[in-house]
Amino acid sequence: MQIHIDSDALARLATRRERDLFADDVLRSDAELHEHIRGRRVLAIGGAGSIGSATVRLFGAYQPATVHVVDQNENNLTELVRDLRSGGGFDVPDFRALPLDYGAPVMSSLLRDEAPYDFILNFAALKHVRSEKDAYSLTQMLDTNLGKHARFLKWMADSGQAGRYFCVSTDKAANPVNLMGASKRLMEHLAFSNGWRTESAPDVTSARFANVAFSDGSLLDGFLKRLQKRQPLAVPRDTKRYFVSLREAGQICVLASVLCPARHILVPRLDAEHDLVELEAIAVAFLRHFGLATEMHTDEAAARAAVEPALSRGAYPLLVTALDTSGEKPFEEFLGDGEHSVDIGRASVEAVPYLPGEPGRLDTFLERLEGLLSARSHASREEIIGWMSDAVPNFRHASSALDLDQRM
């Protein structure tokens, strides 16, 4: 099926906003952002993904002298280079794209050989709840989100990289119910800890924000691919999510990495009553955007069989399932137990002071993880869940016999 993709219209469909949430704060901060970024050196880890690309593009507007982008996904990195070179408006004297694994020894060499960076932005993550389905996938997620991150921070300290450090977290780190969210809460502890820091330690900030509409691998991105492949759309029943657009994701990351107070986590000002959107409603609006009515189904086989007959009637099948897979919850939140937010003079964002974890829990978990990664020990998925529960006391795993790979 040939479909015309209007990215801005699709973003508005998901966010239900005509104007970017953070646009006014970015505009009002224009002079301040230029002052901090102009002529500076920027390193973006995992910078070719959806959020990283949007942030790198926006950083380029403030005239940095250097932007180096590291990403293990060579195809995404190539597309980012083509996009920046072809789209115009990205005039950075020293721009380089490096297809590196940020947790591999070659990253240590780069940090040692390059002049100090003023901003180091880390977007690298395995971010899907489905990665907790078995011990092997889970271990890889923990290596990416924590093991490699720990090595990278050590290499930063060893090489004297003392620039401002920013890493992306997630709303799922607040009162986590899945292993991905718990790993990102531990990532916050890791980044804000003193274990890797030197006397010239950098300022550290982070950000938790909503689902990024139509980002790579997201449910809404799946809508586009399913429609192109003539496959049914699918959503869980009675499930609401906050959404930001790709451009908004870049905006909050720029605000957080440059203007957020040190040792704070930036979060958007979103209201549950007005801004939470039901996934089923987005699917219906998505199909309407492409001139199609919605034909509801609760059976996978029936939904698959209905695609062509429904299209002949100007409709499309939408499979609605129970929210009963591992690690899912029906609502989202940005503040965890015991946390509070503070006003920082920005209309669209507020900051959460970092709340340290209990001493020793992170170190114990990292030691156990290192044993797994070096093959000195073995652990089942259930044992790893237990380790994470020890490390993140407010982690309440939403366990189920089903995982997302068992859903359409």
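Computed from a prediction, not measured in an experiment: that's the story for all the values here.
Nearest heavy atoms, N175 versus D337: OD1-N, 2.9 Å. Contact detail for I282 and V277: the closest heavy-atom pair is CG1-CG1, 3.4 Å. Taking all atoms of both residues into account, the shortest heavy-atom contact from A174 to G336 is CB-N, 3.7 Å. The two atoms that bring S183 and N145 nearest to each other are OG-ND2, 3.0 Å, heavy atoms only. The two residues A65 and V92 make their nearest non-hydrogen contact at O-CG1, 3.8 Å. A pairwise comparison of heavy atoms in F123 and A44 identifies CE1-CB, 4.3 Å as the closest pair.
A donor-acceptor pair is defined here as one N or O able to donate and one able to accept, closer than 3.5 Å; such a pair exists between the side chain of Y102 and the backbone of H149. In this structure a side-chain-to-backbone donor-acceptor pair under 3.5 Å is missing from T66 to V42. In terms of modelled atom types and a separation under 3.5 Å, the side chain of S137 and the main chain of D134 share no donor-acceptor contact. Between the side chain of E278 and the backbone N or O of T239 there is no donor-acceptor pair closer than 3.5 Å. Listed for the E370 side chain is no donor-acceptor partner under 3.5 Å among the backbone atoms of E367. Proximity of a side-chain donor or acceptor of S218 to a complementary backbone N or O of D221 within less than 3.5 Å is detected. For R17 (side chain) and A14 (main-chain N/O), no donor-acceptor pair under 3.5 Å exists by modelled atom type. Although no hydrogens or angles enter the test, the distance criterion places no donor-acceptor pair under 3.5 Å between the side chain of T205 and the main chain of H264. Looking at K225, its side chain never comes within 3.5 Å of a backbone N or O of G217 through a donor-acceptor pair.
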List the steps, then state whether salt bridge (Lys or Arg N to Asp or Glu O under 4.0 Å) holds for R96 with E114. CA-CA 12 Å; R96 293 168 61 191; E114 285 293 325; 2.8 Å; yes
Between N75 and T78, is the side-chain hydrogen bond (donor to acceptor under 3.5 Å, both in side chains) condition met? List the steps. CA-CA 5 Å; N75 291 337; T78 298; 5.5 Å; no
Between E339 and R208, is the salt bridge (Lys or Arg N to Asp or Glu O under 4.0 Å) condition met? List the steps. CA-CA 13 Å; E339 294 181 330; R208 297 175 187 161; 2.8 Å; yes
For R346 and S29: C-alpha separation, side-chain torsions, deciding distance, then whether side-chain hydrogen bond (donor to acceptor under 3.5 Å, both in side chains) applies. CA-CA 9 Å; R346 316 281 173 184; S29 304; 2.7 Å; yes
As a quick check of understanding, evaluate salt bridge (Lys or Arg N to Asp or Glu O under 4.0 Å) for K148 and D101, giving each step before the final call. CA-CA 9 Å; K148 293 180 180 181; D101 176 354; 3.2 Å; yes
So R38 and L33, side chain to side chain contact (heavy atoms under 4.5 Å, CB included) or not? Walk me through it. CA-CA 8 Å; R38 184 186 290 114; L33 289 169; over 6 Å; no
Please test F290 against L10 for side chain to side chain contact (heavy atoms under 4.5 Å, CB included), starting from the C-alpha separation and ending with a verdict. CA-CA 10 Å; F290 290 104; L10 289 174; 4.2 Å; yes
Can you check salt bridge (Lys or Arg N to Asp or Glu O under 4.0 Å) on R304 and E300, steps first, answer last? CA-CA 6 Å; R304 284 192 292 267; E300 283 193 7; 3.4 Å; yes
Evaluate the criterion side chain to side chain contact (heavy atoms under 4.5 Å, CB included) for residue pair L179 and M388; output intermediate values, then yes/no. CA-CA 8 Å; L179 296 161; M388 298 193 78; 3.4 Å; yes
Pair N76-D216, side chain to side chain contact (heavy atoms under 4.5 Å, CB included): steps then yes or no: CA-CA 10 Å; N76 280 2; D216 288 346; 3.8 Å; yes
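For the atom pair C260 SG and E350 CD, the distance stands at 11.0 Å (nearest 0.5 Å). Separation of atoms OG (S108) and CZ (R112) is listed at 5.0 Å; rounding is to 0.5 Å. Rounded to the nearest 0.5 angstrom, Q161 CD and D118 CG are separated by 9.5 Å. Taken to the nearest 0.5 Å, the CE atom of M180 stands 10.0 Å off from the CG atom of L126. Once rounded to the nearest 0.5 Å, the distance linking CZ of R185 with CG of L362 reads 11.0 Å. Rounding to the nearest 0.5 Å gives a distance of 12.0 Å between CG of L372 and CD of Q140.
By the 30° and 60° cut-offs, the orientation of the rings of Y165 relative to F152 is tilted. Classified by interplanar angle (parallel below 30°, tilted 30° to 60°, perpendicular above 60°), the ring pair F90/F95 is perpendicular.
For the side-chain hydrogen bond (donor to acceptor under 3.5 Å, both in side chains) test, residues two or more places apart in sequence or in another chain that qualify with N211 are E332. Applying the side-chain hydrogen bond (donor to acceptor under 3.5 Å, both in side chains) criterion to E35, with sequence neighbours excluded, gives no partner residue. With sequence neighbours excluded, the residues that form a salt bridge (charged side-chain N to carboxylate O under 4.0 Å, His left out) with R28 are D25. When the side chain to side chain contact (heavy atoms under 4.5 Å, CB included) test is applied to D113, the partners found at least two apart in sequence or on another chain are S109. For T364, there are no side-chain hydrogen bond (donor to acceptor under 3.5 Å, both in side chains) partners two or more places apart in sequence or in a different chain.
Within the structure, salt bridge (charged side-chain N to carboxylate O under 4.0 Å, His left out) contacts touching residues 66-93 (residues at least two apart or in different chains) are R57-D83.
Side chains of S169 and E188: a donor-acceptor N/O pair is present below 3.5 angstrom, by distance only. Judged purely by distance below 3.5 Å, without hydrogens or angles, the side chains of H297 and E295 pair a donor atom with an acceptor atom. R269 and S341 are not linked by any side-chain donor-acceptor pair at a separation below 3.5 angstrom, with hydrogens and angles left out of the test.
The aromatic ring centroids of Y242 and F334 lie less than 6.0 Å from each other. With ring centers used as reference points, F119 lies 6.0 Å or more from F166. H68 and Y117 have their aromatic ring centers within a separation under 6.0 angstrom.
The only option from L13, V212, L220 that meets the side-chain contact (heavy atoms from CB on, under 4.5 Å) definition with F243 turns out to be L220. Here the options are T144, L142, D143, the test is side-chain contact (heavy atoms from CB on, under 4.5 Å), and the partner is L146; only L142 passes.
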